Chemist: 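First the structure, which I've put down as structure tokens, then a few questions once you've had a look.
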Amino acid sequence: MTEPDLRALMRLHIPEEFHPEIELAIREGLRLRHAREDDPIIGYFGGLPQLPDGFAWPGADHGHYEHVATIDLATLPKLDLNLPSSGRISVFGDTNGWAGACLFFPDDVVLNERPLPPDLAKDNRIIRRVDMTYAVVETIPGSTWFTEKLFDDNDDDDDMCDGFEAFDHAFFTHSWAWHQLGGWATEIQGESDRGLLPGTAAEQHFYPDFKPSGPLLLAQFDTDLEIDMGWGDFGILYCFITPQDLAARDFTKVSVHWECY
């Protein structure tokens, strides 16, 4: 599994005058992958969650959500999200709806594996368990964001726009699942991701007159047929958190939904 070479694609498709601004917008994230032998383990996809005794398995009126992943924060490298240095995040998704849940449990909370609820067991709605590892990757927004920020309204250079579109297509086209923690979201339908962290040089450069609103990507989970994880027509499940809640280490209001093509 090879990540696209962002800088090589940038040199190939984008005029050099725009390279510094693209560099400024880059944010590191973690590509979440199926672990192989000798890989560091940071959690697991699918399977059964570990929950406190008496804690309800997340769901809605029509039924329980599937367990998507659990991540042990103590095993992660430092990211610009400044996540807690310990504790676990467990993510659930609703393949019969559009929602989900993201739970955070501090280390001092006792967790035990929970059996599959009857409604999920009846329909065999369980994602195959696979250990999770990671790779640190560079993430960027899509070409539309760049063209809106870099070109004046009266700019009409088709070659430059074509170059950004070719760059976008080459970077974001892949044949395997882009599960991710932090960084820029790979949004299919919406425009929820504020992308840039508050108070950074990038935010000040791209938004000199006002501050962007909206949440930051906490995690995303792509369609992954290898482990029976799917969100409609090759969709992605997103977990977004506001900068204010992130700074307060408050994960009770994380917004979870999925989009598809």
Side-chain angles (χ1 to χ4, degrees), residues 1-10 22-47 49-50 67-91 102-109 111 129-141 171-172 174 176-187 193-203 215-222 224 227 229 236-251 254 256:
M1 184 181 295
T2 303
E3 291 288 332
D5 188 331
L6 188 152
R7 285 171 176 75
L9 293 173
M10 187 168 63
I22 294 177
E23 294 268 3
L24 191 59
I26 291 172
R27 286 183 58 211
E28 283 190 342
L30 299 185
R31 184 76 65 237
L32 306 177
R33 298 175 173 173
H34 303 176
R36 299 178 179 177
E37 189 176 357
D38 298 328
D39 282 338
I41 305 301
I42 62 169
Y44 61 98
F45 298 99
Q50 294 182 338
H67 174 245
V68 176
T70 288
I71 300 172
D72 182 356
L73 299 183
T75 63
L76 302 182
K78 186 172 178 59
L79 290 173
D80 60 10
L81 285 179
N82 195 27
L83 294 170
S85 59
S86 63
R88 289 191 175 197
I89 287 176
S90 290
V91 177
C102 180
L103 310 175
F104 170 73
F105 299 113
D107 262 357
D108 59 358
V109 174
L111 303 175
R129 175 169 174 149
V130 175
D131 284 342
M132 179 190 297
T133 190
Y134 73 91
V136 179
V137 297
E138 295 180 323
T139 71
I140 54 171
F171 184 78
F172 288 106
H174 49 88
W176 36 271
W178 268 22
H179 309 302
Q180 186 175 302
L181 185 74
W184 287 87
T186 311
E187 295 188 88
D193 189 14
R194 87 190 304 277
L196 302 175
L197 293 168
T200 59
E203 183 192 59
L216 295 161
L217 179 72
L218 178 61
Q220 67 180 35
F221 295 92
D222 203 349
D224 189 341
I227 59 172
M229 182 189 296
I236 298 177
L237 180 79
Y238 304 95
C239 303
F240 285 108
I241 187 169
T242 67
Q244 296 79 14
D245 288 339
L246 182 62
R249 306 292 176 88
D250 181 359
F251 294 89
V254 174
V256 182

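Small disclaimer: the values here were computed from a predicted structure and weren't measured.
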Chemist: Run the side chain to side chain contact (heavy atoms under 4.5 Å, CB included) test against Leu111 and tell me which residues pass, sequence neighbours left out.
Modeler: Gln50, Pro52, Arg88, Phe105, Val109
Chemist: Could you measure the distance from the CG atom of Leu218 to the CG atom of Leu181? Nearest 0.5 Å is fine.
Modeler: 6.0 Å
Chemist: Any idea which heavy atoms bring Phe104 and Gly87 closest together, and the distance?
Modeler: CE1-CA, 3.9 Å
Chemist: Can you sort out the partners of Pro198 under side chain to side chain contact (heavy atoms under 4.5 Å, CB included), two or more places apart, ordered by chain and number?
Modeler: Arg194, Glu203, Pro243
Chemist: Give me the atom names and distance for the closest heavy-atom approach of Asp222 to Met229.
Modeler: O-SD, 3.3 Å
Chemist: Using the salt bridge (Lys or Arg N to Asp or Glu O under 4.0 Å) criterion, which residues pair with Arg7? Sequence neighbours excluded.
Modeler: Glu23, Glu138
Chemist: Taking the side chain as every heavy atom from C-beta outward, state whether Ile241 and Pro215 have any pair of such atoms under 4.5 Å apart.
Modeler: no
Chemist: Please report the shortest heavy-atom distance between Ala35 and Val130, naming the atom on each side.
Modeler: N-CG1, 4.4 Å
Chemist: Considering all heavy atoms of both residues, which atom of Leu217 and which atom of Gly183 are nearest to each other, and what is their separation?
Modeler: CB-O, 3.6 Å
Chemist: About how many Å separate CD1 of Ile236 and CD of Glu187, when rounded to the nearest 0.5 Å?
Modeler: 9.5 Å
Chemist: Please list, chain by chain and in numerical order, all residues satisfying side chain to side chain contact (heavy atoms under 4.5 Å, CB included) with Glu28, sequence neighbours excluded.
Modeler: Val136
Chemist: Between Trp184 and Phe172, is a ring-ring contact (aromatic ring centres under 6.0 Å, His included) present by the stated rule, with each step listed?
Modeler: CA-CA 12 Å; Trp184 287 87; Phe172 288 106; over 10 Å; no
Chemist: Can you name the nearest heavy-atom pair linking Ala201 to Leu24, along with the distance?
Modeler: O-CD2, 4.3 Å
Chemist: If I take atom CG from residue Asp193 and atom CG from residue Leu216, how far apart are they, to the nearest 0.5 angstrom?
Modeler: 6.5 Å
Chemist: Mind checking the OG1-CG spacing from Thr133 to Leu32? Nearest 0.5 Å is all I need.
Modeler: 9.0 Å
Chemist: Looking at every heavy atom in both Tyr44 and Pro49, which two are closest together, and how far apart are they?
Modeler: OH-CA, 3.6 Å
Chemist: Identify, with sequence neighbours excluded, every residue that meets side chain to side chain donor-acceptor pair (under 3.5 Å) alongside Thr139.
Modeler: none
Chemist: If you measure from CG on Leu73 to OG on Ser85, what distance do you get to the nearest 0.5 Å?
Modeler: 8.5 Å
Chemist: Can you list the residues that meet the salt bridge (Lys or Arg N to Asp or Glu O under 4.0 Å) rule with Asp245, with sequence neighbours excluded?
Modeler: Lys253
Chemist: Using atom types as modelled, flag every donor-acceptor pair under 3.5 Å from a side chain in residues 74-84 to any protein atom, sequence neighbours excluded.
Modeler:
{"unit_1": "Thr75", "atom_1": "OG1", "unit_2": "Asp72", "atom_2": "O", "d": "2.6"}
{"unit_1": "Asp80", "atom_1": "OD1", "unit_2": "Arg27", "atom_2": "NH2", "d": "3.0"}
{"unit_1": "Asp80", "atom_1": "OD2", "unit_2": "Arg27", "atom_2": "NE", "d": "3.0"}

Chemist: Can you measure from CG (Asp131) to CG (Asp39) and round to the nearest 0.5 angstrom?
Modeler: 9.5 Å
Chemist: Between Thr186 and Gln180, do the side chains contain a donor N or O and an acceptor N or O under 3.5 Å apart?
Modeler: no
Chemist: Using the test ring-ring contact (aromatic ring centres under 6.0 Å, His included), find all partners of Phe45 that sit at least two apart in sequence or belong to another chain.
Modeler: His34, His179
Chemist: Who pairs with Asp107 by side chain to side chain contact (heavy atoms under 4.5 Å, CB included), at least two apart in sequence or on another chain?
Modeler: Ser86
